[in-house]
Amino acid sequence: MEKLEKIEQQLKEIENSLGQAKNEELKGLEIQVDKKIKELIGLKNYYQKQQNMDLMPLRQRLKDAKKLKSTIEKQLEDKKEWSKKENSKINKEKYVRPEEQKIKEILALEISREEKVRVLEKEIVNVDVHISKLQEEKNNLMQNKGNKKESSTKNKKDRLEQKKQQIKGKEQGTKKEKKIQISHGSKNEQALNQRIKEIKTEIQYLKNVLQIYKTLLAQLKNKTKKSQINPSEKEIQTNEEENKYYYLILMDLLQDDKNYFFIKRIVESNEKFINARLDNQPIIFELLDRYIKNLKLELRNQKLVHENPKFFYELLKLFKKSPDLELTKDEEEYFKSRIKELTDYLKDKGYSTGDKIKTELASLEEEKPILKYILTKNYQEIMSTYAKNSKRANLTREYLEKVALEVEQFIENFGEQTYPLNWFIAKQLNIKVSDIQNSEIIMDTIALENTKYAFSFGFNKNYDTYLRVHVVDTSILNGDFALKEMKEQSPYTSKMLSKKLKFKKGNTYPVITYQVKILENGQVENPKIFESKIKIDQVITNDQLIDYREDSYLKNFYKYTKFLARFYEININKVDKEELEKAYDKILNFILKHYFNKNNLNAFYKTEIEFTSEEIYKLHYSICTYLSKLPKKESDTINRQLKNLKASCYFGSEALEESEIIIDTRSYLGYLNLAILKNSLHGLCNGTRYQEELKVFKECEQTLNQGEFFLDYRNQERLIRLAKITEINRKKAEQD
């Protein structure tokens with residue numbers, strides 16, 4: 001019950017701090033108490049299932065926590081009432097101008113939003129007309145003032161002469177009249193200046209009122225559009241009681257941007273999250289509202305407390321890309337109108353980052369579902385033609401059988417003892433020595449269905465075991481449309497490309513081969529990496545793999561796969577293609593890391609920073625109430641997706657202990673790693689081409705690490721710094 005004591009202590013600390021807490025701090029305390037209540041409920045549910053625990057202390061703590069929450073709520077309510085009274089006093093004392101009073105009257109009218117919109121539009125026209133008239137009056141006054149200044153520039157002599165005549169004038173009435181005229185002219189000039197000043201102030205005030213009217217009008221129009229949305233247009237039929245829990249789960253997960261990868265998992269695996277609705281409003285509108293609100297706060301002042309706008313932007317991209325997203329025509333128009341309003345806002349404000357954000361908004365508005373590319377080329381034929389014309393090692397069964405037959409006939413004709421060396425036979429037959437060595441092991445080449453791997457497996461005459469792992473060589477696609485598809489989907493593997501570049505029975509492929517030799521005594525020789533071409537003899541389905549004991553080839557293949565996994569300290573928990581693919585990902589990681597380190601080569605690594613078990617526990621209990629309302633199959637899937645959850649993901653050429661090199665050559669990062677590897681195999685790692693590829697590496701690294709993977713931008717540097725410190729300490733411990 002250590003956890004219970006800790007919660008009790010935290011609740012006491014909160015209770016002790018109540019007396020000195022300010023109004024804004026009370027809300028934070030209320031949230032903390034809420035979390036503790038959820039934790040207590042979680043503990044109670046857990047121990048209730050154990051049925052070997054006295055739950056009375058737990059129930060009492062839960063009761064105390066709820067009581068504490070009520071106390072905080074009461075204090076908040078009291079302070080709110082006091083604040084209202086104070087504000088009302090201030091408002092009574094404050095003088096309200098007619099135009100401001102007009103706004104209040106319009107809002108207070110008991111009419112529909114549409115009618116309020118019409119009233120506001122009329123008022124805007126009136127204010128515009130009033131401003132125009134004032135501007136015209138101001139221009140006239142300024143012109144008169146200019147004329148008077150011009151007339152006052154008479155010659156000094158003339159002015160003195162005029163004054164002399166006025167003094168000498170005999171008629172008193174004339175003298176008075178002139179004095180009055182002079183005095184009247186001076187007063188006119190003062191009045192003129194005062195009037196111009198008043199008009200300027202009035203125009204500025206009316207412009208502010210006009211801006212308030214326009215903002216209010218835009219808000220009313222948005223609300224009107226929202227209320228007019230008719231979901232029947234696309235025949236969206238949702239059971240509100242059932243669908244709202246998907247909405248509520250997402251709302252809870254939106255509280256922390258570290259939850260991005262978890263949200264991504266559940267959204268991509270269940271379309272009900274994409275189309276979650278509450279009160280007939282789709283969840284994507286909530287994402288849009290929070291993105292706009294927090295972006296504006298960040299632009300005004302980055303020190304203001306706000307949520308991460310980048311988090312909501314990446315989620316909007318995720319939702320908009322999904323082919324399962326269902327919005328009516330009105331909803332789509334509403335989405336576009338909000339984006340346009342934000343774009344106009346950025347134009348008016350002139351922020352330094354405005355252009356960049358406007359570009360992002362344009363791409364967001366035009367975002368189309370993932371399935372937007374149609375690859376019309378027959379990449380199977382391209383691969384086969386390239387493989388047949390290349391000079392790389394030929395590991396196809398037909399070719400190896402042909403070489404084996406030629407060698408056998410040569411030895412029969414000339415005798416094995418006379419010519420024991422393979423190189424001599426190879427020279428006489430005009431073939432490669434490696435071809436003779438390979439022909440000693442006639443292997444079937446199999447591919448695991450819908451994976452990136454093909455395999456060849458067999459024994460030589462000395463009973464040594466050879467296991468070859470093949471990945472498709474996509475370097476031939478340089479400059480091709482498929483490469484553009486790879487780059488745009490980076491760092492993920494395009495589903496379309498995976499489909500087009502999958503291994504098919506009977507087809508020939510150019511590949512990169514990783515050859516592992518397992519000696520009779522159980523030792524593993526240093527793996528070899530080379531370019532080759534293969535022909536797929538069989539594609540193995542998952543069902544065939546599960547029944548591997550029925551097939552002698554698969555039985556031996558799986559046996560030595562497990563042997564290899566044990567050698568590299570990798571666990572294989574079950575027999576299926578996904579588990580084997582993960583195992584070979586790790587095996588090739590060991591092989592490639594060793595190769596790249598040995599040859600001082602750069603490679604693209606992915607470093608994933610995982611959630612701690614405590615963070616996963618808290619995340620689960622924050623949504624477990626809603627999960628219980630979903631169908632069991634769906635809630636079980638979500639619970640499984642909580643395992644191995646990423647908090648962040650870092651890409652770079654620096655390899656930490658947990659870093660994984662990108663192997664899949666159908667992804668852009670795998671393609672870049674393949675390019676470096678091939679440069680090394682051909683001895684070209686000092687050339688300009690290699691330097692150009694390193695430059696692409698750096699650009700790609702910078703782009704990826706500014707993308708969705710570091711959404712938690714407040715913690716990203718701390719997380720990576722901590723991972724690097726852990727790596728340094730591990731290496732020091734190994735040296736000691």
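Between Tyr386 and Arg392, the shortest heavy-atom contact is CE2-NH2, 3.8 Å. The two atoms that bring Asn602 and Ile676 nearest to each other are O-CG2, 3.4 Å, heavy atoms only. Between Thr451 and Phe503, the shortest heavy-atom distance links the atoms O-CD1, 4.5 Å. The two atoms that bring Lys535 and Thr396 nearest to each other are N-CG2, 3.5 Å, heavy atoms only. Summarising the geometry of Ser390 relative to Lys533, their closest heavy-atom pair is O-NZ, 3.1 Å, with the distance given to 0.1 Å. Considering every non-hydrogen atom in both Ala426 and Lys432, the closest pair reads CB-C, 4.0 Å.
With hydrogens and angles ignored, the 3.5 Å screen pairs a side-chain donor or acceptor of Asn389 with a backbone N or O of Thr385. Without hydrogens or angle criteria, Glu579 side chain to Asp576 main chain gives no donor-acceptor distance under 3.5 Å. Side chain of Ser322 to main chain of Asp324: a donor-acceptor pair is present (N/O by atom type, distance under 3.5 Å, no hydrogens or angles). Remark: the backbone N or O of Gln380 is not paired with any side-chain donor or acceptor of Ser384 at under 3.5 angstrom. With hydrogens and angles disregarded, a donor-acceptor distance shorter than 3.5 Å links the side chain of Asp551 to the backbone of Tyr553. A distance-only check finds no donor-acceptor pair linking the side chain of Asp537 to the backbone of Ile446 [under 3.5 Å]. Of the possible donor and acceptor atoms, none in the side chain of Asp435 sits under 3.5 Å from a partner among the backbone N and O of Asn394. A donor-acceptor distance shorter than 3.5 angstrom exists from the side chain of Thr637 to the backbone of Lys633, with no hydrogens or angles considered. Judged purely by atom type and a 3.5 angstrom limit, Thr474 has no side-chain atom pairing as donor or acceptor with the backbone of Tyr671. Between the side chain of Asn673 and the main chain of Ile662, a donor-acceptor pair closer than 3.5 Å is present.
Ring orientation note: the planes of Tyr558 and Tyr548 are tilted relative to one another, at an angle of 30° to 60°. The aromatic rings of Phe459 and Phe457 sit perpendicular, their planes meeting at an angle over 60°, well past the 30° parallel limit.
Side-chain contact check for Met383 versus Pro510: some heavy-atom pair is nearer than 4.5 Å. Side-chain atoms of Tyr514 and Leu592, non-hydrogen and from C-beta on, do get closer than 4.5 Å to each other. No side-chain heavy atom of Leu395 sits less than 4.5 Å from a side-chain heavy atom of Val511. For the pair Arg640/Asp636, a side-chain contact is recorded, criterion being any heavy-atom separation below 4.5 Å from C-beta on. The closest side-chain heavy-atom distance from Phe563 to Thr465 is not below 4.5 Å. In this structure, Asp444 and Phe557 have side chains that are not in contact, with every pair of non-hydrogen atoms separated by 4.5 Å or more. A 4.5 Å side-chain heavy-atom check between Tyr568 and Ile587 finds at least one atom pair inside the cut-off. At a threshold of 4.5 Å between non-hydrogen side-chain atoms, the residues Phe273 and Ile249 count as touching.
To the nearest 0.5 Å, atom CG of residue Leu318 and atom OH of residue Tyr313 are 12.5 Å apart. Separating the CG atom in Leu619 from the CG atom in Asn259 is a distance of 5.0 Å, to the nearest 0.5 Å. Here Ser659 contributes atom OG and Lys606 contributes atom NZ; the two are 11.0 Å apart, rounded to the nearest 0.5 Å. Here Arg566 contributes atom CZ and Tyr560 contributes atom OH; the two are 11.0 Å apart, rounded to the nearest 0.5 Å.
Tyr595 and Asn526 are not linked by any side-chain donor-acceptor pair at a separation below 3.5 angstrom, with hydrogens and angles left out of the test. Checking Tyr246 against Glu634 by side-chain atom types alone, a donor-acceptor pair falls below 3.5 Å. If you check the side chains of Thr493 and Asp664, you find a donor sitting under 3.5 Å from an acceptor.
The six-membered or imidazole ring of Phe455 lies near that of Tyr584, with a centre-to-centre distance under 6.0 Å.
Residue-environment remark: NZ (Lys586) stays at or below the threshold of 12 foreign heavy atoms within 6.0 Å. The local environment of CD in Glu569 is sparse, with at most 12 non-hydrogen atoms from other residues, nucleotides or ligands closer than 6.0 Å. Within a 6.0 Å radius of NZ in Lys264, other residues, nucleotides and ligands contribute more than 12 heavy atoms. Within 6.0 Å of atom NZ in Lys678, more than 12 heavy atoms from other residues, nucleotides or ligands are found, so the atom counts as buried in its surroundings. The 12-atom threshold is exceeded at CD of Glu401, counting heavy atoms of other residues, nucleotides or ligands nearer than 6.0 Å. Summarising the local packing, NZ of Lys593 is surrounded by more than 12 heavy atoms from other residues, nucleotides or ligands at distances under 6.0 Å. For Glu699, the CD atom sits in a packed shell: over 12 heavy atoms of surrounding residues, nucleotides or ligands are nearer than 6.0 Å. Within 6.0 Å of the CG atom in Asn430, the count of heavy atoms belonging to other residues, nucleotides or ligands does not exceed 12.
Note that Lys646 lies in the cation-pi zone of Phe261, set by a 6.0 Å cut-off to the ring centre and a 45° limit from the axis.
Using a cut-off of 4.0 Å between Lys/Arg side-chain N and Asp/Glu carboxylate O, Lys317 and Glu314 are scored as salt-bridged.
Among residues two or more places apart in sequence or in another chain, the ring pair (Phe, Tyr, Trp, His ring centres under 6.0 Å) test is passed with Phe530 by none. Residues satisfying the ring pair (Phe, Tyr, Trp, His ring centres under 6.0 Å) test with Tyr605, not counting sequence neighbours, are none.
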